[in-house]
Structure formats: structure tokens, C-alpha cells
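Encoded as C-alpha cells, the structure appears first; notes follow it.
Within every chain, numbering begins at 1; the chains are lettered A, B, ... in the order of the sequence lines, protein sequences first and strands thereafter. Since we're looking at a predicted model, the values are computed, not measured.
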There are 2 protein chains.
Amino acid sequence: MSANPPDGDNVAFLLSQLGHCSATVFADLIASLDLTPAHAGILRAIAAEPGRSQQALAEQLGLQPSRLVAFVDELEDRGYVERRRNPDDRRLHALHLTPAGRRITNRIGELARRHDRMMTAGLDARERQTLRELLTKVAEHQGLTPSVHPGYRTLGRRRAKPAG
Amino acid sequence: MSANPPDGDNVAFLLSQLGHCSATVFADLIASLDLTPAHAGILRAIAAEPGRSQQALAEQLGLQPSRLVAFVDELEDRGYVERRRNPDDRRLHALHLTPAGRRITNRIGELARRHDRMMTAGLDARERQTLRELLTKVAEHQGLTPSVHPGYRTLGRRRAKPAG
DNA sequence: TATTGTTATACTCTATAACTATA
DNA sequence: TATAGTTATAGAGTATAACAATA
């Protein structure tokens, strides 16, 4: 019968706190490009594997196809993405980056590296490396897909915000 | 000029991914008590320092007083919280837990410990301890308030969801 | 006049499902 | 009939500010 540990400082709660903090810092950074984190993730996913259909991309990211439409509309209006009809099956729209889309994706990559430096500013090189290894281990154990943010997923009906 | 690191696996992105995952797991756990993470955090804050006004609690958590009203209404309807008017200044409502509120808060604490075990299931005792120290260091450097989830804060106009 | 708590309004986001065009 | 993509509708969540009671 040990005394209860002082609640709010366990690993799970710290992860939730820091995750929110990290997401907010990134959102602020890419707001300077007039983009949201969702746009950034979609651009990155298209860059990683161009030519896929919206359906395939929506499934990888775990979001509703109808939601993806609006994002792609915005990115197309800005000249970052183009839809190319597949002549063999005219229902499919293959997604590709334009030259401007590749430029903005590079800038997002720079901001991602800046973001990483900001979030690890309190650590030395060895600590940073240790943290990265431990987080990677936990992420694998939780079954997270590398490079895909779970925030796209719907997850059912409940919300996931404060305190946890 | 080194090659760009393979983007999505830096510490900042991992924190954002795992933070979302951790928050979702916790939300699922306390949904079994018919509560949301926000309710849990408010109950915990009242338990930690009973008798404060709604205004004071809202400021600590960083949420709008008008939002807190609805949460406290729900917790009062469930019989977990009571508002006590201060006779010296009848504008103030001191917040207290009822006996049922203390019981449910204890159960939340048990779920929080279960949550922590779930999120650290892939690590041995030493790794878990190292991770906790590193996360605490980062959280302090980012200026996070211990035991207070930043999700309550408004933060301005932008959203903070996927990718980052 | 200022402050606590409350209510009301408008706005944003999202989920759902209906629709079209192609197959 | 089934599928890719799109549009429309309704619901939930939130921010803002107006309001009543008390000081």
C-alpha cells in the first residue's frame, strides 16, 4: 500500500500535455505560410507518394473522403496541388504537387525542423537522442503509423481534449 | 549539407502523435464513468484546492468562465460538485466536491494510473523513469503548468490538430 | 462603476448521408 | 449494382458579448 503518486506528473499525462503543446507550436509556425497542420500533412503525404487517388489518401490518413475534398479544393485553389483524371478509369483523381506545391512543402520541412529544435531546446544532444528512441519505442508499441498524425482519424464519437 | 532527416520521426512530431494517442486512450477510459477529460480535470482541480470561486478555477485552467459554467452545471446535476454561496460576498460561488464527487475522483485517479501503465507498456522500469525525467524537463522548459492540461486554454484563433 | 456568474447569439467544424458520374 | 468524388444538411462545440445580481 504505497501512497498515491502525485497524479498529474505521470508519463501518460505528460505526453498528453506536451503533445498538445507541440501541436500548437507547429500550428503557429505554419500559420506563417497561411496553412493549417492538416494542409501540411496532406501536402507531405502527396509528396511522399504522388499519383494516388483521393480515396487512397483518405484511407491512409484515416479521414472521411468528403473531408479530404475540401482540403484538396483549398490546396488546388492555391496552386499547390492538381487533380489529374485517370483516363483508364475516369472516376479516379490522381493527386500531384505542382512546382509551387513542392516549394511550399520544402518550406514546411524547414519549419518542421525548426519546430523540433524548439521543442527539444531544453535538452542536450544525448538526451534528445534518448528521448527520440524512447518515444519511437512507445509509438511502435501503440501501433502508430510513422509520419501519420492520428488526429485525422475520427475515432468514433468522443472528444479528446483536456486532462489526460 | 546533410540529407534531410526523414521528416515525420523527429521528437516534436512524435510528441504530437503520442499526445493525441494518449489523450484519446484516456478519453476512452473515463467514458466508462460517463465523463469527459474536461470533467475529470475540473474534478481533480477542485479536489486539489476546494472552496475556490469559478472565476479562480477558470483562470487556473485557462478557460472562459462562461464555459466553466456548463461543466459545473453538469457536475452539479450529477451530484459530484456543489456551489456554496459565500455569505460575505454573495457574488462568489465556492466549489466543493460532494461525497459522491470524492468517490468518482478516486476512481478517476485509478484510471489515470491504469492509463499510465497502458501508455508505458512497451518500456521497462528504467526506461519509464528516464522517459518521465526527460518529458518533465521538456515540459518545464516549455513553461507548462504541472497537472494542468493546456487543452483548456483558448490560445487565440487557430486550431491545433493533425500533422505537427 | 466594477465584478461574479449566467445566458444568448453567431460561427466554425464535423459527421452523415444524399447525389453525380463513371464503371 | 458498385465505386470515386462531391455537395448538402444537420448537429455539436466554441467564442463573444450581452445580461442580472451583487458589491
Side-chain angles (χ1 to χ4, degrees), chain A residues 20 23-24 27 31 36-39 42 46 51-77 81-96 149-163, chain B residues 20 23-24 27 31 35-39 41-42 46 51-77 81-96 149-163:
Chain A
H20 189 281
T24 302
T36 67
H39 292 124
I42 290 167
I46 296 175
R52 280 184 297 175
S53 69
Q54 295 185 194
Q55 206 78 210
L57 180 58
E59 181 173 11
Q60 186 207 0
L61 298 179
L63 53 70
Q64 305 279 118
S66 64
R67 272 185 76 191
L68 183 60
V69 171
F71 287 125
V72 174
D73 282 349
E74 288 160 12
L75 293 171
E76 199 174 33
D77 289 347
V81 164
E82 64 174 335
R83 293 170 160 107
R84 293 190 202 152
R85 276 213 120 111
N86 182 335
D88 293 340
D89 184 342
R90 290 174 48 71
R91 290 174 305 184
L92 288 113
H93 287 173
L95 298 174
H96 293 270
H149 197 287
Y152 288 111
R153 292 219 126 66
T154 290
L155 289 160
R157 62 265 81 196
R158 23 190 157 305
R159 332 191 1 269
K161 282 247 277 329
Chain B
H20 189 281
T24 302
L35 292 172
T36 68
H39 293 125
I42 290 168
I46 296 174
R52 280 185 295 174
S53 69
Q54 294 186 194
Q55 205 78 210
L57 180 58
E59 180 172 12
Q60 187 208 359
L61 297 179
L63 54 69
Q64 305 280 118
S66 63
R67 272 184 78 190
L68 183 60
V69 170
F71 286 124
V72 174
D73 281 349
E74 288 160 12
L75 293 171
E76 200 174 33
D77 289 347
V81 164
E82 64 175 334
R83 294 167 158 109
R84 293 190 201 152
R85 276 214 122 109
N86 181 336
D88 294 340
D89 183 341
R90 292 174 47 74
R91 291 174 306 183
L92 287 108
H93 286 174
L95 298 174
H96 292 271
H149 197 288
Y152 287 110
R153 293 222 124 62
T154 292
L155 288 161
R157 64 262 82 198
R158 22 191 155 303
R159 331 188 6 270
K161 282 244 278 334

To the nearest angstrom, how far is [X] atom [atom1] from [N] atom [atom2]?
X: A/Y152; N: C/dC13; atom1: OH; atom2: P; answer: 15 Å
X: B/L57; N: C/dT4; atom1: CG; atom2: C1'; answer: 14 Å
X: B/D88; N: C/dT3; atom1: CG; atom2: P; answer: 19 Å
X: B/L95; N: C/dT4; atom1: CG; atom2: P; answer: 14 Å
X: B/Q54; N: C/dT6; atom1: CD; atom2: C1'; answer: 9 Å
X: B/L63; N: D/dT16; atom1: CG; atom2: C1'; answer: 15 Å
X: B/L68; N: D/dA15; atom1: CG; atom2: C1'; answer: 15 Å
X: A/E74; N: C/dC13; atom1: CD; atom2: C1'; answer: 12 Å

Of all the choices, [options], which nucleotide is nearest to the side chain of [X] once you look at every atom?
X: B/R67; options: C/dA15, D/dA15, D/dT6; value: D/dA15
X: B/S53; options: C/dT16, C/dG5, D/dG5; value: C/dG5
X: A/P65; options: C/dT6, D/dA4, D/dT6; value: D/dT6
X: B/L92; options: C/dT7, C/dG5, D/dA15; value: C/dG5

Contact between B/L57 and B/L63 at the side-chain level, heavy atoms closer than 4.5 Å - yes or no?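 No, every pair of side-chain atoms sits at 4.5 Å or beyond.
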Inter-end axis angle, the helix from C/dT1-D/dA23 to C/dA23-D/dT1, with every axis fitted to five base pairs (rounded, 10 degrees):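 About 30° separates the two local helix axes.
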At less than 4.0 Å, is any side-chain N or O atom of B/Q64 found next to OP1 or OP2 of D/dT14? Yes or no.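 Checking D/dT14 against B/Q64, no side-chain N or O comes under 4.0 Å of OP1 or OP2.
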List the residues meeting side-chain contact (heavy atoms from CB on, under 4.5 Å) with [X], not counting sequence neighbours, and say none if there are none.
X: A/L92; answer: A/S53, A/N86, A/D89
X: B/E82; answer: B/R84, B/H96, B/T98
X: B/R90; answer: B/R85

For a quick test of reading the model, state the closest non-hydrogen atom pair linking B/A38 to B/Y152 and the distance between them.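 Closest approach of B/A38 to B/Y152: O-OH, 2.7 Å.
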So, using side chain to side chain donor-acceptor pair (under 3.5 Å) as the criterion, who are the partners of A/Q60 when residues are at least two apart?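 Expected list: A/R52.
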The criterion is side chain to side chain donor-acceptor pair (under 3.5 Å); which residues satisfy it with A/E59, sequence neighbours excluded?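 Counting only residues at least two positions away or on another chain, A/E59 forms no side chain to side chain donor-acceptor pair (under 3.5 Å).
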Under the salt bridge (Lys or Arg N to Asp or Glu O under 4.0 Å) test, residues paired with B/E74 that sit two or more places apart: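 B/E74 satisfies salt bridge (Lys or Arg N to Asp or Glu O under 4.0 Å) with no other residue.
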Generate the contact string for nucleotides 17-22 of chain D. Rules: B means base contact, S means sugar-phosphate contact only, - means no protein heavy atom under 4.0 Å. B----B
Short side-chain to backbone donor-acceptor contact, A/Q54 and A/P65, under 3.5 Å: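 No, the answer is negative, given that no donor and acceptor are paired below the 3.5 Å cut-off.
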